[in-house]
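To start, the structure itself, in structure tokens.
None of the values given here were measured: they were computed from a predicted structure.
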Amino acid sequence: EKAFSTLVARHVDFVYAAAFRRVHDQHLAEEITQNVFIILARKASQFDGRTVLTAWLYRTARYAASDALKSEYRRRLRERHAMALQSAGPDSGGTLEHVAPRLDDLLGRLSENDRTVVLLRFFEKKSLREVGKALGIEEEAARKRVARAVAKLRSLLDGRDLTLTAAALATLLASQLTHAAPAGLAVRATTTALAEAAGLGTSILAVVKTAIQSMLWSKTKSILGAGAALAAWAILLFVPGHRHGLPQSADVAAR
């Protein structure tokens, strides 16, 4: 319990910030933060040594926030964002203020590996040596991986935002990936999560169930995609007229 409390205190600001950026509502972000740590308490025993907790928390916060938003709230949020863009004017593109609201959408479009590198470097503020150690690579390889991930993130910006340099984008990441959570949230999240995990809570919240289901479905889609690819190769190998049409190198690689 003490270890879990320490872990929650260490990461609560990060999880709260990820939720708040998504929903723009303090009370809803607090609820989502508590739900994320409930899920953590329930699933932590399934983690292996390869799990990067920061990346897992970020992904779970996104699932929980998406499932917590109601359709009407999403509609009003889009309208508010559209009005903000209109009032910003055509000359404000490329600024940190313009890119910041879209930060999570951009991070969500990165690969899992690139996103993990960004979170280790700019949320946990690890040195390049520490990033390398966490990923099992050398410091120089970590430096290149971080630079490549930031470059990929910058490549996702639209035309007028490309004036934002890689250095400015790194500054944005360092300043936006954490946000002070309300006082007492870490304690509430710890108590609620441990009670739910121990079966002492009244019931697991519906949004927690939905978030877990969404995470499982995401993994299932990946498995189904891999299965479809294997099935396609099987057809090429064993259906008459297909196997012999393969180039020799492809035939050897398939075997």
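Between Leu40 and Thr60 the shortest side-chain heavy-atom distance does not fall below 4.5 Å. Using a 4.5 Å cut-off on side-chain heavy atoms (C-beta onward), Ile38 and Leu194 make no contact. Contact of the Phe123 side chain with the Leu57 side chain is not registered, since no non-hydrogen atoms from C-beta on lie closer than 4.5 Å. In this structure, Tyr16 and Gln26 have side chains that are in contact, with non-hydrogen atoms separated by less than 4.5 Å. The side-chain heavy atoms of Val117 and Leu120, taken from C-beta on, include no pair separated by under 4.5 Å. Residues Trp56 and Ile39 meet the side-chain proximity criterion, which asks for heavy atoms closer than 4.5 Å. Looking at heavy atoms from C-beta onward, Arg145 lies in side-chain contact with Leu135 at the 4.5 angstrom threshold. In this structure, Val8 and Val15 have side chains that are not in contact, with every pair of non-hydrogen atoms separated by 4.5 Å or more.
One finds the CZ atom of Phe20 at 11.0 Å from the OG1 atom of Thr33 (value rounded to the nearest 0.5 Å). Expressed to the nearest 0.5 Å, how far CD of Glu31 lies from CG of Asp25 amounts to 9.5 Å. To the nearest 0.5 Å, the span separating CD on Glu130 from CG on Leu128 amounts to 9.5 Å. Arg148 contributes atom CZ, which lies 12.5 Å from atom OG of Ser155 (distance to the nearest 0.5 angstrom). Rounding to the nearest 0.5 angstrom, the gap separating the CG atom in Leu153 from the CG atom in Asp114 is 9.0 Å. The CZ atom of Arg62 sits 7.5 Å away from atom CG of Leu107, with the distance rounded to the nearest 0.5 Å.
For Arg10, there are no side-chain hydrogen bond (donor to acceptor under 3.5 Å, both in side chains) partners, not counting sequence neighbours. Residues satisfying the salt bridge (Lys or Arg N to Asp or Glu O under 4.0 Å) criterion with Arg115, sequence neighbours excluded, are Glu112.
When all heavy atoms are compared, the tightest approach of Ala61 to Ala18 is CB-CB, 4.2 Å. Scanning both residues, Ala142 and Val131, for their nearest heavy atoms gives CB-CG1, 4.1 Å. Between Ala186 and Ala9, the shortest heavy-atom contact is CB-CA, 4.2 Å. Closest approach of Val36 to Ala64, counting heavy atoms only: CG2-CB, 4.2 Å. When every heavy atom of Leu28 is checked against every heavy atom of Ala68, the shortest pair comes out as CD1-CB, 4.2 Å.
Heavy-atom contacts from other residues, nucleotides or ligands closer than 6.0 Å to CD of Glu138 number 12 or fewer.
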**OP:** Apply salt bridge (charged side-chain N to carboxylate O under 4.0 Å, His left out) to the pair Asp105 and Arg22, showing each step before the final yes or no.
**Re:** CA-CA 9 Å; Asp105 288 333; Arg22 192 76 171 174; 3.4 Å; yes

Subject >> Derivation of the side chain to side chain contact (heavy atoms under 4.5 Å, CB included) call for Val146 and Val118 >> reply: CA-CA 7 Å; Val146 169; Val118 169; over 6 Å; no

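At a cut-off of 3.5 Å, with distance as the only test, no side-chain donor of Thr116 or Asn113 sits close to an acceptor on the other residue. For Gln34 and Glu30, the side-chain atoms include no donor-acceptor pair closer than 3.5 Å.
With hydrogens and angles ignored, the 3.5 Å screen pairs a side-chain donor or acceptor of Thr191 with a backbone N or O of Val187. Not one N or O on the side chain of Ser5 forms a donor-acceptor pair closer than 3.5 Å with the backbone of Glu1.
Remark: Lys133 does not engage Glu139 in a salt bridge, criterion side-chain N to carboxylate O under 4.0 Å.
Both Val52 and Ile137 sit in one connected hydrophobic cluster of ILVMFWY residues. Membership requires side-chain heavy atoms under 4.5 Å apart, directly or through other members.
Ring geometry for Phe4 against Phe37 counts as perpendicular: the plane angle is over 60°, on a 0 to 90° scale with 30° as the lower cut.
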